[in-house]
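Throughout, a chain's letter reflects where its sequence line sits, starting with A, and its residues are numbered from 1.
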Amino acid sequence: MPTLFDKIWDAHVVDRLEDGTAILYIDRHLIHEVTSPQAFEGLRVAGRRLRRPQATFAVVDHNVPTTDRAVPIEEPESRHQIETLERNVAEFGVPYFPLRSPEQGIVHIVGPEQGLSLPGMTIVCGDSHTSTHGALGALAFGIGTSEVEHVMATQTLLQKPALNMRVSVEGVVAPGVAAKDVMLAIIGRIGTAGGTGHVIEFAGSAIRGLDMAGRMTICNMSIEAGARAGLVAPDDITFDYVRGRPFAPKGEAFDQAVAYWRTLVSDADARFDRVVELDAADIAPLVTWGTSPEDVVAITARVPDPAEAADEAKRVQMQRMLDYMGLVPGQRLSQVPVDAVFIGSCTNGRIEDMRAAASVLKGRRVAAGVRAMVVPGSGLVKAQAEQEGLDRIFLDAGFEWREAGCSMCLGMNPDKLSPGQRCASTSNRNFEGRQGPGGRTHLLSPAMAAAAAVTGRLTDVRELIR
Amino acid sequence: MTPFTTLTAIAAPLPEANVDTDKIIPSRFLKTTQRSGLGRYAFDAMRYHPDGSERPDFVLNRAPYRAAEILIAHENFGCGSSREHAPWALLDFGIRCVIAPSFADIFHNNCFKNGILPIRLPREICDRLMQDASAGANSRLVVDLERQIVVRPDGEEIAFEVDALRRRLLLEGLDDIGQTLRHAEAIDRFEAGRPAWMQGTTL
């Protein structure tokens, strides 16, 4: 009867308040430099301690430069925020990967990579893309700084249960179609508020067939579908991924854990408040045209016409988006030139993403006038890519090969677009100004980003892999 | 946290859907280590030209609405990033209440933690309130959390729903960490029963 979400939820309810609000136990708390300083300060002011430092883990990612790490951080505010985190983790005894450690990287890449994120856990972080970790079969969601402080002080959160949604994708995707396309298709279908109040369980043969990287890409963008969290039932692909990771259970403990993890599936008669079904064969390589992740069309399509909008408010909003994006209705997406290409982020910064992009780039060159950069999601992803020779493919093609961090996904560090610049980006948000004030973002898969780099325009990657 | 009881205030109309938290406060202003002082960055790209001068047509730059304490918007307000800097920026600007047909979950939650009341009302009612708000300073709305009503300038009372616990915490201006720590023994008991393999982050 219970869903996967219900099972994880029920296993973490510590107590209930008089109105039924649950005190939900949190197994893993990941923190970073941007949303934690005010929480540490709150603890200090109230004279509270951090309840379980050993359930907590800190990284620096949002602010860090992605250039030579031997050079001190130039930007004084970024440096201050990173130094503040370093002081806080020392004072409160939180385990931490410093900027110059080989394991440093984006929190949502590092968590799974290190085995800090495990099936069946509740995992939170002061970052909306915490939904990524749901790919392991965990309940993982983003929280604000007040809740970061609440978890630090109590190792719990006050929560009301979410509604259950199942998104099933059945069948096999065509060549050139990536997990990113599947997720953009889902967001295009249900909209950016489609998942509000729900936890989405991603199911169906197309999801089961994905590797962990693909599942993480899907769960990562649950928040772009408005959901509180996204998850995938753990299976042998999950267990094989977790086995041997530094913080994962070892030996007999691992076997015990797997025995429990195998129970983490929605029952056959589980009730979902909403069910959405997609056919994998219908999904083409996709690209966004507007300033919301739901504004998505096939790369073979044309820019939509506001005159065809459902109502006046929608028409005005579409026109505003097109003005911002510098696009005209009816224009072919595949004829839109790009100034920049960004491959990276917690959505698509894993080794599998590097491989997908490199396979398109091999033996090819970045088009003249295009600035193209790769920012691996972690130091370990970078090292792995270098071991496989992928860095040579990127560098030979004319890409910048940078150090790990959030980088141009959100433009907090110096990696930014200039006003009016257009970027083919593997990140997760195409909001106005997200990649730098006035910057224009088209979301797409790593292979599609590589294709755009080669031709200098948004391009159907299938033309390059025939 | 300042308690929220009754608010009689100017409401600013912002007839847009999907106002994301990057729009409420862009990421480059998140480098602070404090909660205060973010009001001047609220809605930065909508409020200022690239040279820093004000855009005179933006609602919060127009005379009565500079003093607005209520914001009225369309669907899915506060979507995107979890940054609590968004409610901090709104609060520092002076906004204590946001009325919209729907909110993104994390933003909705973050508002309550900072003494801001987010009110969900159907789109057609929001549109009526938006009209009221367009009349400017002579057209104040009353938000009464105790009675769970919004009072229009013509006296019409509109009821709204709010979670009972959140309402109580807002009315009393209570910190919910203190509330949870009353259950410390239950947390201790629960923690003691966790399997060993779930435990640590130290090697």
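- Using a 4.5 Å cut-off between heavy atoms, B:Ser81 touches chain A through backbone and side chain atoms alike.
- Contact annotation for B:Asn114: only side-chain heavy atoms (C-beta onward) come within less than 4.5 Å of a heavy atom of chain A.
- Contact annotation for B:Ala17: both backbone and side-chain heavy atoms come within less than 4.5 Å of a heavy atom of chain A.
- Annotation: side chain of A:Phe431 is not in contact with side chain of B:Lys23 (no heavy-atom distance under 4.5 Å).
- For B:Phe107, no part lies near chain A; criterion is any non-hydrogen pair under 4.5 Å.
- Heavy-atom distances place both the backbone and the side chain of B:Asp188 under 4.5 Å from chain A.
- Across every non-hydrogen atom of B:Arg123 and A:Ala313, the tightest pair is NH2-CB, 3.7 Å.
- When heavy atoms are compared at a cutoff of 4.5 Å, B:His108 does not approach chain A at all.
- Only the side chain of B:Arg168 has a heavy atom closer than 4.5 Å to any heavy atom of chain A.
- A:Gln81 contributes a side-chain N or O that, together with a main-chain N or O of B:Thr32, makes up a donor-acceptor pair within less than 3.5 Å.
- Heavy atoms of B:Thr21 lying under 4.5 Å from chain A are absent altogether.
- Of the possible polar contacts, none joining the A:Glu41 side chain to the B:Arg35 backbone as a donor-acceptor pair under 3.5 Å is found.
- Here the side chain of A:Arg429 pairs a donor or acceptor atom with the backbone of B:Gly80 at under 3.5 angstrom.
- Side-chain atoms of A:Thr154 do not come within 3.5 Å of backbone N or O of B:Leu181 as any donor-acceptor pair.
- Of the two parts of B:Ala186, the backbone and the side chain both hold a non-hydrogen atom closer than 4.5 Å to a non-hydrogen atom of chain A.
- Salt-bridge check for B:Arg28 with A:Asp415: failed, with every basic side-chain N at 4.0 Å or more from each acidic carboxylate O.
- Inter-residue side-chain proximity for B:Ile106 and A:Ser128 is flagged as met; some heavy-atom pair is nearer than 4.5 Å.
- Between A:Lys160 and B:Leu165 there is no side-chain heavy-atom pair separated by less than 4.5 Å.
- At a 4.5 Å heavy-atom cutoff, the contact between B:Leu30 and chain A is made by backbone and side-chain atoms alike.
- B:Asp20 and A:Arg434 are not joined by a salt bridge, as no carboxylate oxygen comes within less than 4.0 angstrom of a charged side-chain nitrogen.
- Judged by distance alone, with hydrogens and angles left aside, the side-chain atoms of B:Gln34 form no donor-acceptor pair with the main-chain N or O of A:Gln38 at under 3.5 Å.
- Among A:His129, A:Glu432, A:Glu149, A:Arg48, the residue making the largest number of heavy-atom pairs under 4.5 Å with chain B is A:Arg48.
- At least one side-chain heavy atom of B:Glu191 sits under 4.5 Å from a side-chain heavy atom of A:Arg51.
- In this structure, CG on A:Asp127 lies 5.0 Å from OG on B:Ser82, to the nearest 0.5 angstrom.
- Looking at A:Glu75, A:His62, A:Glu77, A:Glu33 one by one, the single match for side chain to side chain donor-acceptor pair (under 3.5 Å) with B:Lys31 turns out to be A:Glu75.
- Proximity of B:Asn18 to A:Glu294: side-chain heavy atoms (C-beta onward) are separated by under 4.5 Å at one or more points.
- A donor-acceptor pair shorter than 3.5 Å cannot be found between the side chains of A:Arg16 and B:His183.
- At a 4.5 Å heavy-atom cutoff, the contact between B:Asp176 and chain A is made by backbone and side-chain atoms alike.
- Neither the backbone nor the side chain of B:Arg166 comes within less than 4.5 Å of any heavy atom in chain A.
- Interface remark: B:Glu75 contributes no atoms to any contact with chain A (heavy atom separation under 4.5 Å).
- The backbone N or O of A:Thr196 sits nowhere less than 3.5 Å from a side-chain atom of B:Asp105 that would complete a donor-acceptor pair.
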